[in-house]
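This report concerns only the one structure given below.
Quantities reported herein were computed from a predicted structural model and do not represent experimental measurements.
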Amino acid sequence: MDPDGAANEPPIICPMENFALVAKGVYRSAFPKKKNFPFLKLLKLKSILTLILENYPDQNQKFLEDNGITLFQFGVAGNKDLMDIPETVIIEALAVILDKRNHPMIAIDSPSQVLIHCNKGKHRTGCLIGCIRKIQHWSYTSIFEEYRRFSYPKSRTMDQQFIELFDLRNVVADIRYLPEWPE
């Protein structure tokens, strides 16, 4: 009970739209809103990687600061029709994701935590996750099925083509800091 005699209600736990596990300690979602903050706290995130071009909102910045979460921002313009994702941005974002120092341990023997998002968690995030799936040696059938599941009802052929043509040889990662899941 609080000083006024009212019962203290636990916070409502509400995940972001399009939230899902990508790999051990790596999640994807739509843009986190204030109502999602109690859920984000449960994840014990170390990093958030965003693909939005706009400035990160003040309330989100404060949440990150209050919870010791590092923000990596790789701005990619959201485009309703054709998606022109700069390959260099995806290469840089993958380098952050493939460095386990960006996902430190929460406690002994517990997984590291990072969240990847754009506004809706569909197209830009879907392209980045598709490239992660290539690193994990998923088949194109599986990669595109996952992309379409999260981008429904507006899957973009150009996004799928980007994933297919993305050259993994351009991604540079220090093998000493690779997470367990790439191989």
Counting only heavy atoms not in N55, do more than 12 sit closer than 6.0 Å to its CG atom?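 Not buried by this count: 12 neighbours or fewer within 6.0 Å.
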Looking at L42, I want to see if its CG is surrounded by more than 12 non-hydrogen atoms of other residues, nucleotides or ligands under 6.0 Å.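 Count over threshold, so yes.
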Can you list the steps and then say if F166 with I91 is a side-chain contact (heavy atoms from CB on, under 4.5 Å)? CA-CA 9 Å; F166 184 80; I91 290 168; 3.7 Å; yes
Non-hydrogen side-chain atoms of [X] and [Y] separated by less than 4.5 Å:
X: M16; Y: K33; answer: no
X: T50; Y: F74; answer: no
X: K46; Y: T70; answer: yes
X: F37; Y: F39; answer: no

Step-by-step side-chain contact (heavy atoms from CB on, under 4.5 Å) determination, D159 to C127: CA-CA 6 Å; D159 288 350; C127 286; 3.5 Å; yes
Heavy-atom closest contact ([X] atom, [Y] atom, distance):
X: L94; Y: C131; result: CD1-CB, 3.9 Å
X: E87; Y: N170; result: OE2-ND2, 3.2 Å
X: I143; Y: K134; result: CD1-CG, 3.7 Å
X: I163; Y: G126; result: CD1-O, 3.8 Å

As an exercise, state the distance from [atom1] of [X] to [atom2] of [Y], rounded to the nearest 0.5 Å.
X: F31; Y: L51; atom1: CZ; atom2: CG; result: 12.0 Å
X: L40; Y: N60; atom1: CG; atom2: CG; result: 8.5 Å
X: K35; Y: I13; atom1: NZ; atom2: CD1; result: 13.0 Å

Give a yes or no on whether the ring-centroid distance for F19 and F150 is below 6.0 angstrom.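 No - the distance between ring centres of F19 and F150 does not fall below the 6.0 Å cut-off.
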Tell me whether [X] contacts the main-chain N or O of [Y] through its side chain, where contact means a donor paired with an acceptor under 3.5 Å.
X: N36; Y: C14; value: yes
X: Q73; Y: I52; value: yes
X: D99; Y: A95; value: no
X: N67; Y: I69; value: no

Measure the acute angle between the ring planes of Y140 and F144, then classify it against the limits of 30° and 60° as parallel, tilted or perpendicular.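 Parallel: the ring planes of Y140 and F144 meet at under 30°.
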For R156 and Q161, test the side chains for any donor-to-acceptor distance below 3.5 angstrom and give the result as yes or no.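 Looking only at side-chain atoms, Q161 and R156 do not form any donor-acceptor pair under 3.5 Å.
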For a side-chain contact (heavy atoms from CB on, under 4.5 Å) with L98, tell me which candidate from V172, V171, D174 qualifies.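 Checked V172, V171, D174 against L98; only one passes side-chain contact (heavy atoms from CB on, under 4.5 Å): V171.
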Check against salt bridge (charged side-chain N to carboxylate O under 4.0 Å, His left out), K62 and D66: CA-CA 6 Å; K62 182 172 179 357; D66 291 349; 2.7 Å; yes
Linked, directly or transitively: [X] and [Y] (ILVMFWY side chains, under 4.5 Å):
X: L43; Y: L21; answer: yes
X: L168; Y: V26; answer: yes
X: V96; Y: L178; answer: yes
X: I129; Y: Y152; answer: no

Trace of the side-chain contact (heavy atoms from CB on, under 4.5 Å) decision for Y56 with L64: CA-CA 10 Å; Y56 218 60; L64 298 180; 3.6 Å; yes
Name of the residue among E146, E164, E145 meeting salt bridge (charged side-chain N to carboxylate O under 4.0 Å, His left out) with R133: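 When E146, E164, E145 are each tested with R133, the salt bridge (charged side-chain N to carboxylate O under 4.0 Å, His left out) holds only for E146.
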Might you work through the side-chain contact (heavy atoms from CB on, under 4.5 Å) test for H123 and Y147, ending with a clear yes or no? CA-CA 8 Å; H123 303 106; Y147 169 84; 3.1 Å; yes
